[in-house]
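Taking it in order: structure first as structure tokens, then the write-up.
Small disclaimer: the values here were computed from a predicted structure and weren't measured. Note that the numbering runs from 1 along the sequence shown for the chain.
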Amino acid sequence: MMAQSVPHPATDKKRVKVYELRNNDWFDRGTGFCIATFATTEDGRKDPRVIVESEDQPERLLLETKIQKEDGFQKQQETLIVWQDPASGVDMALSFQEPEGCAMIWRFVSNIQQTFHNNLAGGDDGLSDDLAMDGSHSIGLPNPALGKLPEIETSMRMISTTAHGRDSLAKFVMAEDYIGKLIPLVQQAEDFECLSDLHSLCNIMKTIILLNDTAIIEHAVSDENVLGVVGALEYDPDFPSHKANHRHWLNSEGRYKEVVPIEDELTRRKIHQTYRLQYLKDVVLARILDDPTFSVLNSLIFFNQVEIVQHLQGNAAFLAELFGIFSWPHSDAKKKKEAVLFIQQCCAIAKNIQPPARQSLYNNFIAHGLLQVIHFGLCHNDVSVRVGATDILISIIDHDPQMIRQTIYRQIHENSPSLTDSLIDLLLVEVDLGVKSQISDALKVLLDQGPTPAQLAESMTKGANGEVALRGRPAQSADPQQELFLTKFYEQSAVKLFKPLVDLEGRTDMDFPAQKASMFSYLIEILCFFIRQHHRFSRYFVMNNNLVERVAQLVSSSEKYLKLVAIRFFRALVGMQEEFYIRHIVEKKVLGPILDVLIITLPRDNLLSSASLELFEHIKKENMKDLVKFLVNNYREKLVSLSYLPTFRDLVLRFDQTQGYTSNMDYFLDGEEDVVRRPPTSMRLMDQLGVDPQEEEYWEASDPEEEHDENAEETRVVPSNGPPAGKALVDYASDEDAEEAVIDTEANEEAKMDDAPADEAAAAAAPTTPAAAQDDASNASPPERLSEKRRREEDEDGDELGKLMANKRRNSSSSDANSIAASKLGTQRRRSFTGSNNSGSSNGPKRISINLSPAVKSGGNSRSDDES
């Protein structure tokens, strides 16, 4: 039967207020720090007590009460514990500042009282000496034996269901060395071939490890226990018909390889322990790991690795012997391979340590000849060694690329093989795409000399509104080492790097194997980077080696991704907007093949057509006149065939406008909404459009208003001293004349209102025929100047209406319904200014004079409104 647990003393001091009940009111005895512990009596017994020391005077005790079974301690809310002192009968209370402190003290008190209650049956009202001396959570489990394994498994599963039980079980396992007692049972169960016992042992080991206790896990992977622990875990009850081979894997001496003997025993033990922890995490427990256990294992591995690296980098003798392997004349090739992989592991571990420690490690490695190791690894025929060497280089570059650059400067000064040359040689022959990508990134980082001039110019010329004021690029800083490095690189290394592109001259077959095609994509990407970074060096290198024309050859490749890489290269050149590269593109005529690619791929909406179209859209948007002129002069027919796209239509129109004449619009009358490419046609599109006979008759007929105006001009009398006939000037009324005319008009209206008949309804029902309207207008015509002014305003409205009708006529040819709608709209608008002869006379429509009376202007409801 399982014994009752006794709590660990709560020695952590918790801030608390002590209260005493006096006259039905709580009296504050002060604030202090509370602990729960065991006090030794004169007879050697251990009495549990709750002690509160004063906050102001630590030597003074505010409270010291002995926990007894009749005290009746109670916990109220989350921060309050109350009880009654048996000796004085006074009610006491502790009010804690934090709920955690209250919970810790209450856990100790409640467990003590529970222990008193359980001991009543035995006549013992106190705590045993052993339990009092042992402040741990004691758990009673049977001694490990094959017959008791089911009972042990059940008890552990029940205890581990709570956090308190897990803590108690972890302390019991370590105190009793329970793992060491269970390990011999694995061999016994295997001898008896008892599969049920082996499954029980596996479950017990899983339960112990998943307690997430650091001490237990370190004890489980120790030299004396690790084989027994993994041996029990080989018999997983979830896979009863399978058995793992963890012991065989860990017991093999070939798994531990020392490139250079490590003399320090503690470091060697930590290396072995780290390897076992990784195996436990990644293999043995990979399927059942929970987040807390995973975190504990990772923490143990990390701290072990940090200690290992710190020891190795501080051991000068070890480093000298390690890197001396690559300088010995009779060194074993296998030994060198293992040394590269060992250094790779050290650099991988260094990624997780603090930057100062990582910097110290890399400095020590470089001082002992790390670049020689990288040279060896990059040229090795084993892909694992090449990957290891590249990984070492990338690790150092990610940390501090200037460290490698300084080493390369020193190599150039000593006329020794440069690291960049080794990277270039490997890039040209490497078949592994992962290594090739890493080398490409390493070259770009090593040759990146800081912010680009364009970025510097942008940061220098940005105003308060964030807009760039100019496009000028300042000169790069004159660094002698950098200048020498770039000069040497473009004289020798760059020629070797881009030799596959230069060798394309004269080649017509653009079909390449996958390895070489991928190499071209990386080379073009690196070339774009060089053009952006090294303006003074790269432009002449590109021109002298004719790389623009070589890249243009790849546009004719059958591989779409090679075409795309080439188009992206030219997009990068055009995006720089440098006159040097613009002239170079025009001279080499590289935009023609890209236009052909667009024409071929345009019916399909894919990445290739989108990239090509975006290139020409950028040229149009930025108004690059040299490129626009080149495109229209050399590929006008192709651009016209693509005129259904706004990009190419605007290119041709923009060029024609710069030449001083308007382009023939017949090329561009295809609807912009069409998304399917149409073949060019020599027929005029307007000749193919249907015309509505009624609309055509309407537009061919003369305008009655114009005839009326012509008659008015013919009958107008011109003074003898005025201008000659046919050139009469319009007499615009001044403001004073207009005011006088308004006053006269108001006087006339008042006179008419006085002479009007009494029956206003009959007057409102005056004849509305054109003739009557004309007579009515002649009787109440406004002054001549206002009439002319009104006529001018109507003429201006008519001009705008005519323009609108012209546009409607041009666009209405698409459908008869639109034509009829436009005709009705024009008729309604014209009727607002003209009237038709309903009597059928041959005089035609007559003009309606609009009376601008003050009532009409003010919007009033006067009689003149109805008359007008």
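- Using a 4.5 Å heavy-atom cutoff, the side chains of Val640 and Glu637 are not in contact.
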Is there a side-chain contact (heavy atoms from CB on, under 4.5 Å) between Lys620 and Val628 once you walk through the steps? CA-CA 7 Å; Lys620 184 203 79 172; Val628 173; over 6 Å; no
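- In this view, Lys629 satisfies the salt bridge (charged side-chain N to carboxylate O under 4.0 Å, His left out) rule with no residue, not counting sequence neighbours.
- Of the possible polar contacts, none joining the Gln533 side chain to the Leu447 backbone as a donor-acceptor pair under 3.5 Å is found.
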For a quick test of your reading: what N or O donor-acceptor pairs under 3.5 Å do the side chains of residues 371-380 make, sequence neighbours left out?
unit_1	atom_1	unit_2	atom_2	d
Gln372	NE2	Phe326	O	3.2
His375	ND1	Ser422	OG	2.5
His380	ND1	Asp382	N	3.0

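- Side-chain contact check for Leu341 versus Gln344: some heavy-atom pair is nearer than 4.5 Å.
- None of Tyr635, Phe630, Phe570, Phe648 except one satisfies the ring pair (Phe, Tyr, Trp, His ring centres under 6.0 Å) rule with Phe616; the exception is Phe648.
- At least one donor-acceptor pair closer than 3.5 Å links the side chain of Gln553 to the backbone N or O of Leu504.
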Dump the intermediate steps for side-chain hydrogen bond (donor to acceptor under 3.5 Å, both in side chains) on Thr390 and Gln438, then the final yes or no. CA-CA 7 Å; Thr390 307; Gln438 285 186 315; 4.7 Å; no
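- Note that the CG atom of Leu615 and the CG atom of Leu627 stand 8.5 Å from one another [nearest 0.5 Å].
- To the nearest 0.5 Å, atoms CG (Asp511) and CG (Asp509) are separated by 4.5 Å.
- Distance alone, capped at 3.5 Å, is enough to place a donor-acceptor pair between the Lys436 side chain and the Glu430 backbone.
- Here the side chains of Leu602 and Leu645 are in contact, with some heavy-atom distance below 4.5 Å.
- Atom CG of residue Leu562 and atom CD1 of residue Ile567 lie 11.0 Å apart, to the nearest 0.5 angstrom.
- With rounding to the nearest 0.5 angstrom, the CD1 atom of Ile619 is 10.5 Å from the CD atom of Gln577.
- Atom CD1 of residue Ile408 and atom NE2 of residue His413 lie 16.0 Å apart, to the nearest 0.5 angstrom.
- Contact check for Asn633 versus Phe655: side-chain heavy atoms found under the 4.5 Å cut-off.
- Counting only heavy atoms from C-beta outward, the side chains of Leu497 and Phe530 approach each other to under 4.5 Å.
- In this structure, the side chain of Ser610 does not engage the main chain of Leu607 through any donor-acceptor pair within 3.5 Å.
- In terms of heavy atoms, Ser556 sits closest to Lys563 at C-CE, 4.4 Å.
- In the model, Arg405 has a side-chain atom that pairs as donor or acceptor with a side-chain atom of Gln402 under 3.5 Å.
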Pair Glu578, His535 - check side-chain contact (heavy atoms from CB on, under 4.5 Å), show working. CA-CA 10 Å; Glu578 287 194 3; His535 301 276; 3.4 Å; yes
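- Residue Ala442 comes nearest to Ile397 through the heavy atom pair CB-CD1, 3.9 Å, listed as atom of the first residue, atom of the second, then distance.
- In this structure, Asp425 pairs ionically with Lys496, as a charged nitrogen and a carboxylate oxygen lie closer than 4.0 Å.
- No donor-acceptor pair closer than 3.5 Å links the side chain of Ser609 to the backbone N or O of Asp605.
- Looking only at distances, no side-chain donor or acceptor of Ser643 sits under 3.5 Å from a matching main-chain atom of Leu639.
- Counting all heavy atoms, side chain and backbone alike, His618 lies closest to Val574 at CD2-CG1, 3.7 Å.
- Counting heavy atoms of neighbouring residues, nucleotides and ligands inside a 6.0 Å radius, atom CG of Asp291 does not exceed 12 of them.
- Leu361 approaches Cys346 most closely through the heavy-atom pair CD2-O, 4.0 Å.
- In this structure a side-chain-to-backbone donor-acceptor pair under 3.5 Å is missing from Arg604 to Asn606.
- Shown here is Lys337, whose NZ atom has no more than 12 heavy atoms of other residues, nucleotides or ligands within 6.0 Å.
- Side-chain contact between Val565 and Leu554: absent, with no pair of heavy atoms (C-beta onward) separated by less than 4.5 Å.
- Of all non-hydrogen atoms in Tyr409 and Gln482, the two that sit nearest each other are OH-CA, 4.1 Å.
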When you look at Ile439 and Leu393, which way does the side-chain contact (heavy atoms from CB on, under 4.5 Å) test go after all the steps? CA-CA 9 Å; Ile439 294 173; Leu393 179 61; over 6 Å; no
Determine whether Ile531 and Arg539 satisfy the following criterion, side-chain contact (heavy atoms from CB on, under 4.5 Å), listing intermediate values before the conclusion. CA-CA 7 Å; Ile531 290 174; Arg539 63 178 61 185; over 6 Å; no
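- Atom CD of Glu559 sits about 10.0 Å away from atom CZ of Phe512, to the nearest 0.5 Å.
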Atom pairs and distances, donor-acceptor, side-chain atoms in residues 583-594, under 3.5 Å, two or more places apart:
unit_1	atom_1	unit_2	atom_2	d
Arg583	NH1	Glu579	OE2	3.1
Lys588	NZ	Asn546	OD1	3.4

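- Phe498 and Phe541 have tilted rings, their planes meeting at an angle from 30° to 60° on a 0 to 90° scale.
- Applying the side-chain hydrogen bond (donor to acceptor under 3.5 Å, both in side chains) test to every pair with at least one member in residues 514-526, sequence neighbours left out, gives these pairs: Lys444-Glu525.
- Taking a cutoff of 4.0 Å between a charged side-chain nitrogen and a carboxylate oxygen, Arg532 and Asp448 do not qualify as a salt bridge.
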Go through Lys638 and Asp596 one step at a time and tell me if the salt bridge (Lys or Arg N to Asp or Glu O under 4.0 Å) criterion holds. CA-CA 9 Å; Lys638 295 180 180 179; Asp596 293 335; 2.6 Å; yes
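- You'll find the side chain of Cys347 stays beyond 4.5 Å of the side chain of Asp391, heavy atoms only.
- Contact annotation: the side chain of Met519 approaches that of Leu428 to within less than 4.5 Å [non-hydrogen atoms, C-beta and beyond].
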Could you walk me through whether Asp400 and Arg358 satisfy the salt bridge (Lys or Arg N to Asp or Glu O under 4.0 Å) test, starting with their C-alpha distance in whole Å, then the side-chain angles of each, then the deciding distance to 0.1 Å, before giving a yes or no? CA-CA 10 Å; Asp400 186 8; Arg358 186 163 64 246; over 6 Å; no
Return a table of donor-acceptor pairs under 3.5 angstrom between the side chains of residues 485-495 and protein atoms on other chains or two or more places apart.
unit_1	atom_1	unit_2	atom_2	d
Thr487	OG1	Glu483	O	2.6
Tyr490	OH	His534	ND1	2.7
Ser493	OG	Asp421	OD1	2.6

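- By the neighbour-count criterion of 12 heavy atoms within 6.0 Å, atom OH of Tyr540 is sparsely surrounded, having that number or fewer from other residues, nucleotides or ligands.
- There is no side-chain donor-acceptor pair under 3.5 Å between Ser295 and Asn298.
- Residues forming a salt bridge (charged side-chain N to carboxylate O under 4.0 Å, His left out) with Glu614 (at least two apart in sequence, or on another chain): Arg571.
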